[in-house]
Amino acid sequence: MISRRGLVLNSLALAAFESLPTPLLRAAAPVSKTLPPWQPGVLEIHQIATNRGNSAFLILPDSTTLMVDAGAIYGATPYLSEPLPSGQRRPGEWIGRYAKRRLEASGLTAIDTFLLTHLHGDHLGYLSPDAPLSSDGTYRLTGVSDVAAIVPIQRFVDRAWPDYTYPAPAEADFQQNYRAFLQSQSKAGKKVERFHPGSKDQFALQHKPAAFPGFEIRNLIANGEVWTGNGAQTKKLFPDLSTLKPADYPAENPCSCAIRLRYGKFGYYTGGDLTSDTNYGRNPWRDTESAAAEACGPVSAAVVNHHGYFNASGDRYVRALRPQVFVIPTWDSAHPSVNVLNALFSKAIYPGNRDVFATLVKQENRIANKKTDDLKSRAGHIVLRVEPGGDTFAVYILSNADETDTVTASFGPYTA
Ligand SMILES: [Zn+2]
(Lines give C-alpha, C1' and ligand atoms only; values in the text may rest on other atoms or scores of the structure.)
Protein backbone atom coordinates (compact mmCIF):
# COMPACT_ATOMS: atom_id res chain seq x y z
CA MET A 1 0.00 0.00 0.00
CA ILE A 2 1.13 3.51 -0.70
CA SER A 3 0.74 6.37 1.73
CA ARG A 4 -1.91 8.86 0.80
CA ARG A 5 -0.27 11.65 2.76
CA GLY A 6 0.42 14.64 0.56
CA LEU A 7 -2.10 13.66 -2.10
CA VAL A 8 -4.82 16.20 -2.71
CA LEU A 9 -7.97 14.50 -3.95
CA ASN A 10 -11.44 15.86 -4.35
CA SER A 11 -14.31 13.71 -3.11
CA LEU A 12 -15.06 12.23 -6.56
CA ALA A 13 -11.45 11.30 -7.16
CA LEU A 14 -11.25 9.91 -3.64
CA ALA A 15 -14.27 7.70 -4.31
CA ALA A 16 -12.59 6.45 -7.48
CA PHE A 17 -9.38 5.91 -5.57
CA GLU A 18 -11.14 3.81 -2.93
CA SER A 19 -12.85 1.65 -5.55
CA LEU A 20 -9.80 0.92 -7.68
CA PRO A 21 -8.41 -2.61 -7.64
CA THR A 22 -5.14 -2.98 -5.71
CA PRO A 23 -2.67 -2.97 -8.65
CA LEU A 24 -3.97 0.41 -9.76
CA LEU A 25 -3.60 1.90 -6.29
CA ARG A 26 0.14 1.87 -6.87
CA ALA A 27 -0.32 4.30 -9.76
CA ALA A 28 -1.18 7.18 -7.44
CA ALA A 29 -0.33 10.06 -9.76
CA PRO A 30 -2.99 9.60 -12.48
CA VAL A 31 -5.84 8.85 -10.06
CA SER A 32 -7.20 12.38 -9.90
CA LYS A 33 -7.06 12.78 -13.69
CA THR A 34 -10.12 12.77 -15.85
CA LEU A 35 -10.26 13.12 -19.61
CA PRO A 36 -11.04 16.72 -20.62
CA PRO A 37 -14.36 17.14 -22.45
CA TRP A 38 -14.35 16.93 -26.24
CA GLN A 39 -13.89 20.34 -27.90
CA PRO A 40 -14.39 21.44 -31.52
CA GLY A 41 -11.48 20.28 -33.66
CA VAL A 42 -10.63 17.34 -31.40
CA LEU A 43 -11.20 13.75 -32.58
CA GLU A 44 -12.00 11.30 -29.80
CA ILE A 45 -12.15 7.52 -30.32
CA HIS A 46 -13.28 5.48 -27.32
CA GLN A 47 -12.97 1.70 -27.32
CA ILE A 48 -15.48 0.94 -24.59
CA ALA A 49 -14.64 -2.05 -22.36
CA THR A 50 -17.57 -3.91 -20.80
CA ASN A 51 -15.82 -7.32 -21.10
CA ARG A 52 -18.94 -8.46 -22.97
CA GLY A 53 -18.58 -7.41 -26.61
CA ASN A 54 -17.30 -4.63 -28.86
CA SER A 55 -18.26 -1.00 -28.94
CA ALA A 56 -16.44 2.12 -30.05
CA PHE A 57 -17.73 5.66 -29.72
CA LEU A 58 -16.29 8.49 -31.80
CA ILE A 59 -16.74 12.24 -31.55
CA LEU A 60 -15.52 13.72 -34.81
CA PRO A 61 -13.94 17.20 -35.12
CA ASP A 62 -17.19 19.03 -36.00
CA SER A 63 -19.22 17.22 -33.24
CA THR A 64 -20.63 14.55 -35.57
CA THR A 65 -20.88 11.38 -33.47
CA LEU A 66 -20.48 7.77 -34.55
CA MET A 67 -20.83 4.50 -32.67
CA VAL A 68 -19.32 1.35 -34.17
CA ASP A 69 -21.00 -1.78 -32.73
CA ALA A 70 -22.63 -2.29 -29.35
CA GLY A 71 -22.20 -5.92 -28.33
CA ALA A 72 -23.72 -7.76 -25.40
CA ILE A 73 -22.88 -11.29 -24.25
CA TYR A 74 -24.68 -12.77 -21.25
CA GLY A 75 -24.17 -15.64 -18.85
CA ALA A 76 -21.19 -16.99 -16.99
CA THR A 77 -18.72 -19.35 -18.62
CA PRO A 78 -15.11 -19.93 -17.62
CA TYR A 79 -13.73 -18.24 -20.74
CA LEU A 80 -15.55 -14.98 -20.02
CA SER A 81 -14.82 -12.38 -17.33
CA GLU A 82 -17.24 -10.62 -15.07
CA PRO A 83 -19.08 -7.86 -16.90
CA LEU A 84 -17.88 -4.39 -15.89
CA PRO A 85 -18.66 -2.11 -14.18
CA SER A 86 -20.95 -4.90 -12.85
CA GLY A 87 -23.66 -7.37 -13.80
CA GLN A 88 -26.33 -5.06 -12.41
CA ARG A 89 -26.91 -3.56 -15.84
CA ARG A 90 -26.77 -5.08 -19.30
CA PRO A 91 -23.63 -4.36 -21.40
CA GLY A 92 -25.64 -2.17 -23.80
CA GLU A 93 -26.78 -0.04 -20.88
CA TRP A 94 -23.20 0.51 -19.74
CA ILE A 95 -22.26 1.45 -23.32
CA GLY A 96 -25.17 3.88 -23.63
CA ARG A 97 -24.41 5.50 -20.29
CA TYR A 98 -20.73 5.87 -21.24
CA ALA A 99 -21.62 7.59 -24.52
CA LYS A 100 -24.17 9.80 -22.77
CA ARG A 101 -21.56 10.99 -20.24
CA ARG A 102 -19.14 11.94 -23.02
CA LEU A 103 -21.89 13.68 -24.99
CA GLU A 104 -23.21 15.64 -22.03
CA ALA A 105 -19.71 16.77 -21.04
CA SER A 106 -19.55 18.58 -24.38
CA GLY A 107 -23.16 19.75 -24.64
CA LEU A 108 -24.10 17.10 -27.24
CA THR A 109 -27.27 15.02 -27.16
CA ALA A 110 -27.40 12.25 -29.78
CA ILE A 111 -25.46 9.62 -31.68
CA ASP A 112 -25.64 10.70 -35.33
CA THR A 113 -24.82 7.29 -36.81
CA PHE A 114 -24.53 3.72 -35.58
CA LEU A 115 -22.43 1.44 -37.80
CA LEU A 116 -22.85 -2.27 -37.27
CA THR A 117 -19.80 -4.09 -38.68
CA HIS A 118 -21.60 -7.45 -38.92
CA LEU A 119 -24.55 -9.37 -37.55
CA HIS A 120 -23.05 -11.11 -34.51
CA GLY A 121 -24.27 -10.69 -30.95
CA ASP A 122 -20.90 -9.58 -29.57
CA HIS A 123 -21.34 -6.56 -31.89
CA LEU A 124 -25.12 -5.94 -31.76
CA GLY A 125 -26.35 -7.79 -28.62
CA TYR A 126 -27.45 -11.35 -27.94
CA LEU A 127 -30.82 -11.94 -26.29
CA SER A 128 -30.86 -12.31 -22.54
CA PRO A 129 -33.73 -14.41 -21.13
CA ASP A 130 -34.77 -11.49 -18.92
CA ALA A 131 -34.27 -8.68 -21.45
CA PRO A 132 -37.13 -6.18 -21.08
CA LEU A 133 -39.45 -5.36 -23.95
CA SER A 134 -39.16 -2.01 -25.71
CA SER A 135 -41.80 0.64 -24.97
CA ASP A 136 -43.65 -0.25 -28.21
CA GLY A 137 -43.42 -3.97 -27.39
CA THR A 138 -41.88 -5.00 -30.73
CA TYR A 139 -38.34 -5.94 -29.65
CA ARG A 140 -36.23 -6.59 -26.57
CA LEU A 141 -33.54 -4.36 -25.16
CA THR A 142 -30.01 -5.58 -25.72
CA GLY A 143 -26.81 -4.18 -27.20
CA VAL A 144 -27.62 -1.43 -29.68
CA SER A 145 -31.30 -1.29 -28.70
CA ASP A 146 -30.23 -0.73 -25.08
CA VAL A 147 -27.98 2.11 -26.25
CA ALA A 148 -30.82 3.71 -28.24
CA ALA A 149 -33.07 3.63 -25.17
CA ILE A 150 -30.49 5.80 -23.37
CA VAL A 151 -29.15 8.02 -26.17
CA PRO A 152 -31.13 8.71 -29.35
CA ILE A 153 -29.51 7.30 -32.49
CA GLN A 154 -30.42 9.19 -35.69
CA ARG A 155 -29.19 6.74 -38.35
CA PHE A 156 -28.23 3.09 -38.62
CA VAL A 157 -25.92 1.54 -41.22
CA ASP A 158 -25.20 -2.17 -41.63
CA ARG A 159 -24.12 -4.62 -44.33
CA ALA A 160 -27.49 -6.29 -44.96
CA TRP A 161 -30.39 -3.81 -44.74
CA PRO A 162 -33.16 -4.11 -45.87
CA ASP A 163 -33.51 -7.80 -46.81
CA TYR A 164 -30.82 -9.50 -44.69
CA THR A 165 -30.48 -12.35 -47.19
CA TYR A 166 -26.81 -12.18 -48.23
CA PRO A 167 -25.20 -14.66 -48.16
CA ALA A 168 -28.04 -16.40 -46.26
CA PRO A 169 -31.08 -15.19 -44.30
CA ALA A 170 -30.15 -13.70 -40.91
CA GLU A 171 -32.78 -15.35 -38.75
CA ALA A 172 -31.19 -16.17 -35.41
CA ASP A 173 -33.33 -14.90 -32.53
CA PHE A 174 -31.01 -12.00 -31.72
CA GLN A 175 -30.81 -11.05 -35.42
CA GLN A 176 -34.60 -11.06 -35.70
CA ASN A 177 -34.75 -8.90 -32.60
CA TYR A 178 -32.27 -6.44 -34.15
CA ARG A 179 -34.32 -6.32 -37.34
CA ALA A 180 -37.50 -5.67 -35.36
CA PHE A 181 -35.66 -2.88 -33.54
CA LEU A 182 -34.63 -1.30 -36.87
CA GLN A 183 -38.20 -1.56 -38.19
CA SER A 184 -39.39 0.28 -35.10
CA GLN A 185 -36.68 2.95 -35.46
CA SER A 186 -37.50 3.35 -39.15
CA LYS A 187 -41.20 3.82 -38.33
CA ALA A 188 -40.18 6.47 -35.81
CA GLY A 189 -38.46 8.42 -38.60
CA LYS A 190 -34.85 7.31 -38.05
CA LYS A 191 -32.78 6.53 -41.14
CA VAL A 192 -31.56 3.03 -41.90
CA GLU A 193 -29.11 2.35 -44.72
CA ARG A 194 -27.02 -0.39 -46.23
CA PHE A 195 -23.24 0.17 -46.11
CA HIS A 196 -21.84 1.35 -49.47
CA PRO A 197 -18.36 -0.11 -50.11
CA GLY A 198 -16.01 2.42 -51.73
CA SER A 199 -17.98 5.50 -50.65
CA LYS A 200 -16.37 8.49 -48.96
CA ASP A 201 -19.70 10.24 -48.46
CA GLN A 202 -21.76 7.86 -46.32
CA PHE A 203 -19.96 8.85 -43.10
CA ALA A 204 -19.17 12.45 -44.02
CA LEU A 205 -19.16 15.09 -41.29
CA GLN A 206 -22.74 16.27 -40.74
CA HIS A 207 -22.47 19.53 -38.85
CA LYS A 208 -19.57 21.70 -40.13
CA PRO A 209 -17.82 19.71 -42.87
CA ALA A 210 -16.40 22.83 -44.55
CA ALA A 211 -14.43 23.63 -41.40
CA PHE A 212 -12.50 20.34 -41.61
CA PRO A 213 -11.49 19.67 -45.24
CA GLY A 214 -8.76 17.24 -44.07
CA PHE A 215 -11.33 14.86 -42.62
CA GLU A 216 -12.61 11.79 -44.49
CA ILE A 217 -14.11 8.40 -43.75
CA ARG A 218 -13.69 5.90 -46.57
CA ASN A 219 -15.78 2.75 -46.71
CA LEU A 220 -13.26 -0.03 -47.39
CA ILE A 221 -15.24 -3.25 -47.60
CA ALA A 222 -18.49 -5.07 -46.86
CA ASN A 223 -19.81 -8.45 -47.99
CA GLY A 224 -16.43 -9.15 -49.61
CA GLU A 225 -16.74 -6.12 -51.93
CA VAL A 226 -13.56 -4.10 -51.48
CA TRP A 227 -12.56 -0.58 -52.52
CA THR A 228 -9.99 -0.55 -55.34
CA GLY A 229 -8.43 2.80 -54.38
CA ASN A 230 -9.78 4.32 -57.57
CA GLY A 231 -12.63 6.81 -57.05
CA ALA A 232 -15.44 4.89 -55.40
CA GLN A 233 -14.76 1.72 -57.46
CA THR A 234 -14.94 -1.70 -55.86
CA LYS A 235 -14.25 -5.31 -56.77
CA LYS A 236 -15.86 -8.49 -55.48
CA LEU A 237 -13.68 -11.01 -53.70
CA PHE A 238 -16.30 -13.70 -53.20
CA PRO A 239 -17.32 -16.06 -56.03
CA ASP A 240 -20.89 -15.88 -57.24
CA LEU A 241 -23.00 -17.78 -54.73
CA SER A 242 -24.47 -19.91 -57.54
CA THR A 243 -21.02 -21.52 -57.93
CA LEU A 244 -20.81 -22.50 -54.24
CA LYS A 245 -22.51 -25.12 -52.13
CA PRO A 246 -24.47 -23.47 -49.31
CA ALA A 247 -22.02 -25.01 -46.82
CA ASP A 248 -19.22 -23.02 -48.50
CA TYR A 249 -21.01 -19.65 -48.51
CA PRO A 250 -19.05 -16.79 -46.93
CA ALA A 251 -19.42 -16.78 -43.16
CA GLU A 252 -20.54 -13.71 -41.21
CA ASN A 253 -17.10 -12.55 -40.05
CA PRO A 254 -15.45 -12.13 -43.47
CA CYS A 255 -18.55 -10.16 -44.56
CA SER A 256 -17.74 -7.44 -41.96
CA CYS A 257 -17.69 -3.75 -42.88
CA ALA A 258 -14.43 -1.82 -42.50
CA ILE A 259 -13.71 1.90 -42.66
CA ARG A 260 -10.67 4.16 -42.77
CA LEU A 261 -10.82 7.51 -41.02
CA ARG A 262 -8.38 10.27 -41.94
CA TYR A 263 -7.91 13.57 -40.17
CA GLY A 264 -4.93 15.48 -41.54
CA LYS A 265 -1.96 13.12 -41.09
CA PHE A 266 -3.83 10.92 -38.63
CA GLY A 267 -5.32 7.68 -39.94
CA TYR A 268 -7.45 5.02 -38.21
CA TYR A 269 -8.70 1.62 -39.36
CA THR A 270 -11.53 -0.45 -37.91
CA GLY A 271 -12.97 -3.59 -39.51
CA GLY A 272 -15.06 -5.68 -37.13
CA ASP A 273 -14.33 -9.38 -37.41
CA LEU A 274 -12.71 -9.54 -40.84
CA THR A 275 -10.47 -12.59 -40.98
CA SER A 276 -7.47 -13.83 -42.98
CA ASP A 277 -8.59 -17.45 -42.73
CA THR A 278 -8.58 -19.22 -46.13
CA ASN A 279 -9.95 -22.55 -44.90
CA TYR A 280 -6.36 -23.87 -44.97
CA GLY A 281 -5.81 -22.68 -48.52
CA ARG A 282 -9.02 -24.15 -49.92
CA ASN A 283 -10.82 -20.81 -50.36
CA PRO A 284 -8.35 -17.93 -50.78
CA TRP A 285 -11.31 -15.57 -51.30
CA ARG A 286 -12.27 -15.95 -47.63
CA ASP A 287 -9.31 -13.74 -46.66
CA THR A 288 -11.10 -10.40 -46.79
CA GLU A 289 -8.98 -8.62 -44.19
CA SER A 290 -5.79 -8.60 -46.29
CA ALA A 291 -7.58 -6.93 -49.22
CA ALA A 292 -9.26 -4.43 -46.88
CA ALA A 293 -5.98 -3.56 -45.15
CA GLU A 294 -4.17 -3.18 -48.47
CA ALA A 295 -6.94 -0.91 -49.74
CA CYS A 296 -6.59 1.12 -46.54
CA GLY A 297 -2.80 1.57 -46.52
CA PRO A 298 -0.74 2.85 -43.57
CA VAL A 299 -2.56 4.40 -40.61
CA SER A 300 -1.57 5.85 -37.25
CA ALA A 301 -3.86 3.57 -35.23
CA ALA A 302 -5.68 0.35 -36.04
CA VAL A 303 -8.29 -1.76 -34.33
CA VAL A 304 -7.24 -5.40 -34.42
CA ASN A 305 -9.72 -7.58 -36.30
CA HIS A 306 -11.75 -10.32 -34.59
CA HIS A 307 -10.57 -9.51 -31.05
CA GLY A 308 -7.02 -10.69 -31.79
CA TYR A 309 -8.31 -14.21 -32.36
CA PHE A 310 -5.99 -16.66 -34.16
CA ASN A 311 -7.61 -16.48 -37.62
CA ALA A 312 -7.32 -12.72 -38.18
CA SER A 313 -4.85 -9.83 -38.12
CA GLY A 314 -2.34 -11.79 -40.17
CA ASP A 315 0.97 -10.56 -41.57
CA ARG A 316 -0.55 -8.89 -44.66
CA TYR A 317 -2.88 -6.89 -42.41
CA VAL A 318 0.00 -5.83 -40.14
CA ARG A 319 2.28 -4.96 -43.08
CA ALA A 320 -0.34 -2.91 -44.90
CA LEU A 321 -1.47 -0.86 -41.89
CA ARG A 322 1.83 -0.64 -39.92
CA PRO A 323 0.39 1.65 -37.26
CA GLN A 324 1.99 3.17 -34.19
CA VAL A 325 -0.93 2.04 -32.05
CA PHE A 326 -2.95 -1.18 -32.11
CA VAL A 327 -6.19 -1.38 -30.13
CA ILE A 328 -7.49 -4.90 -29.39
CA PRO A 329 -11.10 -5.29 -28.22
CA THR A 330 -10.76 -8.41 -26.08
CA TRP A 331 -12.76 -10.29 -23.46
CA ASP A 332 -12.29 -14.05 -23.65
CA SER A 333 -9.51 -16.42 -22.62
CA ALA A 334 -8.11 -16.70 -26.17
CA HIS A 335 -8.07 -12.93 -26.84
CA PRO A 336 -5.50 -12.02 -28.03
CA SER A 337 -3.97 -15.21 -29.43
CA VAL A 338 -0.25 -16.06 -29.35
CA ASN A 339 0.25 -15.90 -33.14
CA VAL A 340 -1.54 -12.55 -33.44
CA LEU A 341 0.50 -10.80 -30.75
CA ASN A 342 3.68 -12.11 -32.36
CA ALA A 343 2.60 -10.61 -35.69
CA LEU A 344 1.54 -7.28 -34.15
CA PHE A 345 4.94 -6.88 -32.46
CA SER A 346 7.03 -8.27 -35.33
CA LYS A 347 9.76 -5.91 -36.54
CA ALA A 348 10.32 -8.29 -39.44
CA ILE A 349 6.95 -7.13 -40.80
CA TYR A 350 7.70 -3.42 -40.30
CA PRO A 351 10.50 -1.74 -38.39
CA GLY A 352 8.63 1.15 -36.73
CA ASN A 353 7.80 1.39 -33.05
CA ARG A 354 4.30 0.48 -32.00
CA ASP A 355 2.30 0.28 -28.77
CA VAL A 356 -0.39 -2.35 -28.35
CA PHE A 357 -3.38 -1.94 -26.02
CA ALA A 358 -6.06 -4.49 -25.06
CA THR A 359 -9.32 -3.96 -23.19
CA LEU A 360 -8.87 -7.18 -21.18
CA VAL A 361 -6.35 -9.99 -20.77
CA LYS A 362 -7.44 -12.92 -18.65
CA GLN A 363 -5.04 -14.56 -16.21
CA GLU A 364 -4.85 -17.86 -18.12
CA ASN A 365 -3.83 -15.94 -21.24
CA ARG A 366 -1.19 -14.02 -19.24
CA ILE A 367 0.34 -17.39 -18.32
CA ALA A 368 0.10 -19.01 -21.77
CA ASN A 369 0.87 -16.00 -23.94
CA LYS A 370 4.10 -14.36 -22.79
CA LYS A 371 3.82 -11.54 -25.32
CA THR A 372 0.98 -10.14 -23.20
CA ASP A 373 3.82 -8.80 -20.99
CA ASP A 374 4.53 -6.30 -23.76
CA LEU A 375 1.01 -4.84 -23.93
CA LYS A 376 0.75 -1.24 -22.73
CA SER A 377 -2.62 -1.94 -21.13
CA ARG A 378 -4.53 -5.09 -20.28
CA ALA A 379 -7.74 -3.66 -18.80
CA GLY A 380 -10.01 -0.67 -19.27
CA HIS A 381 -11.42 1.66 -21.89
CA ILE A 382 -8.87 2.76 -24.52
CA VAL A 383 -9.26 6.37 -25.68
CA LEU A 384 -7.44 7.94 -28.62
CA ARG A 385 -7.53 11.72 -28.46
CA VAL A 386 -6.36 13.42 -31.64
CA GLU A 387 -5.45 17.10 -31.42
CA PRO A 388 -7.05 19.63 -33.80
CA GLY A 389 -5.64 19.22 -37.30
CA GLY A 390 -4.59 15.61 -36.76
CA ASP A 391 -0.82 16.07 -36.29
CA THR A 392 -0.55 14.49 -32.85
CA PHE A 393 -2.53 12.14 -30.66
CA ALA A 394 -2.39 10.49 -27.26
CA VAL A 395 -3.81 7.31 -25.75
CA TYR A 396 -5.60 7.30 -22.40
CA ILE A 397 -6.65 4.24 -20.42
CA LEU A 398 -9.82 4.78 -18.38
CA SER A 399 -10.89 2.53 -15.53
CA ASN A 400 -13.95 0.42 -16.38
CA ALA A 401 -14.37 -0.67 -12.75
CA ASP A 402 -16.97 2.06 -12.24
CA GLU A 403 -18.45 5.05 -14.06
CA THR A 404 -15.97 7.71 -12.89
CA ASP A 405 -13.95 7.35 -16.13
CA THR A 406 -10.77 7.81 -14.12
CA VAL A 407 -7.63 7.98 -16.24
CA THR A 408 -5.29 5.22 -15.01
CA ALA A 409 -2.52 5.72 -17.57
CA SER A 410 -1.68 7.85 -20.57
CA PHE A 411 0.71 7.42 -23.50
CA GLY A 412 2.12 9.75 -26.09
CA PRO A 413 1.96 12.21 -27.60
CA TYR A 414 2.44 10.34 -30.84
CA THR A 415 3.21 12.21 -34.06
CA ALA A 416 0.75 11.10 -36.73
ZN1 LIG B 1 -16.78 -10.47 -32.71
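Values below: every heavy atom of this structure, side chains too, minus hydrogens, waters and symmetry copies. Numbering starts at 1 and runs along the sequence shown. Both ligands and their constituent atoms are indexed starting at 1 by order of listing.
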Anything under 30° is parallel, anything over 60° is perpendicular, the rest tilted; go ahead and classify Phe156 against Phe181. perpendicular

Listed as residue and atom, the protein N/O/S atoms under 2.8 Å from the Zn ion (ligand 1) are Asp122 OD2, His123 NE2, Asp273 OD2, His307 NE2

If you measure only the distance, is there a donor-acceptor pair under 3.5 Å linking the side chains of Asp273 and His120? no

Aromatic rings Phe203 and Phe195: how do their planes relate, parallel, tilted or perpendicular, breaks at 30° and 60°? tilted

Between Thr234 (side chain) and Glu225 (backbone), is there a donor-acceptor pair under 3.5 Å? no

Using ring pair (Phe, Tyr, Trp, His ring centres under 6.0 Å) as the criterion, list what pairs up with Trp227, not counting sequence neighbours. none

Test: Lys370 and Asp373 ion pair at under 4.0 Å: yes

